> 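The structure is given below, and queries will be raised subsequently.
Predicted, not measured: the structure shown is a model, and the values here were computed from it.
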Amino acid sequence: LTGVGQGPTSSVDIIPSSPPEVLTPSPPCVPTNLRPNRQHHRRIRPGSNKYQKFPQVRMEGHRGAGHLEPQNSLKAFQRAIDIGLDGVETDVWLSKDGVVFIDHGFANGTEVFQDVGLKKLIELTSSDLENLTLLNGEKLVLLEDLLDLAKNKISINIELKDLREEIVAPVLDLVIEKGMLGQVTISSFNHSLRKTLTEEVAERCIEHPLNFGFITDVPNVTFPEYGVDTIPGDSINIDALYLIRNETAARAEMAKAAEYGVKTTYWFPWAYNTEETLYDKLLEVGTDTIITNKPLVLMDYLRMLQNECPK
């Protein structure tokens, strides 16, 4: 995901902290000793998703582990697993010779590499994927490698950053091959890819529903036609800036979506660095998932809520 006017950003490696504590959340409860502006909005969720650690909301690391590790790197995905996130969000493209790989890239579908400079991502070949190095020193990761790393450990939100229809089938085939239909969600700014995904699923006679996230950002705010474009379990993935700028419309859209069993995810633009100021509001409006750039901050916030539950 990206915000308005953003391209890829080099991340600074952070020395891993001490081994993460094992998350053992207490039974769902409604905190009683909250500040006044918090008392009315702690919505406890049933926690039916086996990868969900805290009852209030699901946590997905933006491009892996947010700003903790180089974005979309194996280090980032491993860090997300180690600290106990529920899921990771990542961005995929289809190479010229049909390999699905991970990268965010610039808004025009390019990326800058060491030694060779700017390259169009859809023109890369398998050889390029092996040999090119990003400016942050990382190699490109294949989707297959992420699936192998994450299986039975963490959910994956695969954003089709490549907006072409032809990326859907190879992504779906990889997910099926790895036996991970129940662990993966597909999402995209190109909402018509939901129809493509539905057709590809039907062609393979898959009974397991594969959910889709309809991503929207500011200022290009668009939503699907509920019950026509969507199935229960799909989500609207909303730029958090929309909630800041038009809370009334955001709440109304969430309510409309919920009538059709469509969930709500809020994501933060990569350069947005004060997301913690919105955590109260996100829980108040009842979001199902937060895609975070600051996973450790979000986790500390959720632990604080748990500690406020009566013993």
> Under a 4.5 Å side-chain heavy-atom rule over Ile, Leu, Val, Met, Phe, Trp and Tyr, are I231 and F212 clustered together?
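No; F212 is not reachable from I231 via cluster members.
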
> For a salt bridge (charged side-chain N to carboxylate O under 4.0 Å, His left out) with K281, tell me which candidate from E276, E247, E275 qualifies.
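By the salt bridge (charged side-chain N to carboxylate O under 4.0 Å, His left out) criterion, K281 pairs with just one of E276, E247, E275: E247.
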
> Please give me the minimum heavy-atom distance between A150 and I156, naming the atom from each residue.
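Result for this residue pair: CB-CD1, 3.7 Å.
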
> Going from CD1 on I176 to CD1 on I206, what distance comes out if it is rounded to the nearest 0.5 angstrom?
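Answer rounded to 0.5 Å: 3.0 Å.
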
> Given a cutoff of under 4.5 Å between side-chain heavy atoms of I, L, V, M, F, W and Y, with clusters grown through shared members, what are the other residues clustered with L121?
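Joined to L121, directly or through intermediates: W93, V99, F101, F113, V116, I122, L124, L129, L132, L134, L140, L142.
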
> Is it true that K178 and D148 make a salt bridge, defined as a side-chain N closer than 4.0 Å to a carboxylate O?
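D148 and K178: salt-bridged.
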
> Going from CH2 on W267 to CG on D239, what distance comes out if it is rounded to the nearest 0.5 angstrom?
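It comes to 4.0 Å.
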
> Backbone N or O of L94 within a donor-acceptor pair of the R164 side chain at under 3.5 Å?
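A pair under 3.5 Å: yes.
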
> How about E165: does its CD atom have over 12 heavy atoms from other parts shown lying under 6.0 Å from it?
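Check fails, neighbour count at 12 or below.
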
> Side chains of T90 and N72: donor-acceptor distance under 3.5 Å anywhere?
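Side-chain D/A pair, T90 to N72: present.
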
> If you count the non-hydrogen atoms of other residues, nucleotides and ligands that lie under 6.0 Å from NZ in K120, is the total more than 12?
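Counting other residues, nucleotides and ligands, NZ of K120 stays at 12 neighbours or fewer.
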
> Over all heavy atoms of both residues, which pair between A65 and P295 is shortest? Give the atoms and the distance, please.
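That closest heavy-atom pairing would be O-CG, 3.5 Å.
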
> For the backbone of L174 and the side chain of E144, can you confirm whether one donor and one acceptor N or O come within less than 3.5 Å of each other?
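Checking the backbone N and O of L174 against the side chain of E144, no donor-acceptor pair under 3.5 Å is found.
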
> Using every non-hydrogen atom in the two residues, find where L241 and P269 come nearest and quote the distance to one decimal.
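The answer is CD1-CG, 4.0 Å.
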
> Checking H191 side chain against I215 main chain: does a donor-acceptor pair fall under 3.5 Å?
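Answer holds: yes.
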
> Using distance alone, with no hydrogens and no angle criterion, decide if N237 and S235 have a side-chain donor and acceptor under 3.5 Å apart.
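Yes, side-chain donor-acceptor contact under 3.5 Å.
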
> Output yes when a side-chain donor or acceptor of S155 lies under 3.5 Å from a complementary backbone atom of D86, and no otherwise.
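Yes; at least one donor-acceptor contact below 3.5 Å.
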
> Answer yes or no: is there a donor N or O on one side and an acceptor on the other, between the side chain of K161 and the main chain of D103, under 3.5 Å?
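No: the side chain of K161 does not pair with the backbone of D103.
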
> Quick one: does any side-chain atom of H62 pair with a main-chain N or O of K294 as donor and acceptor, under 3.5 Å?
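No: the side chain of H62 does not pair with the backbone of K294.
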
> Taking I154's backbone N and O only, do any of them form a donor-acceptor pair with Q183's side chain (distance below 3.5 Å, no angle check)?
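Confirmed, Q183 side chain pairs with I154 backbone.
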
> Can you list the steps and then say if T292 with E60 is a side chain to side chain contact (heavy atoms under 4.5 Å, CB included)?
CA-CA 6 Å; T292 175; E60 287 184 0; over 6 Å; no

> Rounded to the nearest 0.5 Å, how far apart are CG of L278 and CD of E284?
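Output value for this atom pair is 11.0 Å.
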
> Any salt bridge linking D82 with R79? Criterion: basic side-chain nitrogen under 4.0 Å from a carboxylate oxygen.
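R79 and D82: not salt-bridged.
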
> What pairs of residues pass the salt bridge (Lys or Arg N to Asp or Glu O under 4.0 Å) test when at least one of them lies in residues 204-215, not counting sequence neighbours?
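Applying salt bridge (Lys or Arg N to Asp or Glu O under 4.0 Å) to every pair that reaches into residues 204-215, excluding sequence neighbours, yields D173-R204, E200-R204.
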
> For the backbone of L85 and the side chain of K53, can you confirm whether one donor and one acceptor N or O come within less than 3.5 Å of each other?
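Pair found, side chain donor or acceptor close to backbone of L85.
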
> Quick one: does M299's side chain get under 4.5 Å of L302's, heavy atoms only?
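No. Closest side-chain heavy atoms not under 4.5 Å.
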
> Do K139 and T133 pass the side-chain hydrogen bond (donor to acceptor under 3.5 Å, both in side chains) test, and can you show the C-alpha distance, the side-chain angles, and the key distance before you say yes or no?
CA-CA 5 Å; K139 307 294 284 187; T133 302; 3.2 Å; yes

> Same cluster or not: are F223 and V228 linked, directly or through other Ile, Leu, Val, Met, Phe, Trp or Tyr residues, by side-chain heavy atoms under 4.5 angstrom apart?
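Result: no, two separate clusters.
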
> Tell me, with the steps shown, if T216 and Y242 meet side chain to side chain contact (heavy atoms under 4.5 Å, CB included).
CA-CA 9 Å; T216 191; Y242 184 62; 5.9 Å; no

> Could you go step by step and tell me if N273 and N293 meet the side chain to side chain contact (heavy atoms under 4.5 Å, CB included) rule?
CA-CA 8 Å; N273 59 11; N293 295 322; over 6 Å; no

> Would you check if V92 and L160 make a side-chain contact, meaning some heavy-atom pair closer than 4.5 Å?
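Yes, close enough: below the 4.5 Å cut-off.
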
> Quick one: closest heavy-atom pair of Q56 and L283, and the distance?
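Looking at all heavy atoms of both residues, the shortest contact is CB-CD2, 3.7 Å.
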
> Answer yes or no: is there a side-chain heavy-atom contact under 4.5 Å between F189 and E159?
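Sidechains of E159 and F189: in contact.
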
> Show the numbers, then the answer: is there a side-chain hydrogen bond (donor to acceptor under 3.5 Å, both in side chains) between D234 and Y226?
CA-CA 10 Å; D234 283 353; Y226 303 109; over 6 Å; no

> With no hydrogens and no angle check, just 3.5 Å: does a side-chain donor-acceptor pair link H104 and D91?
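Per modelled atom types, H104 and D91 side chains form no pair under 3.5 Å.
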
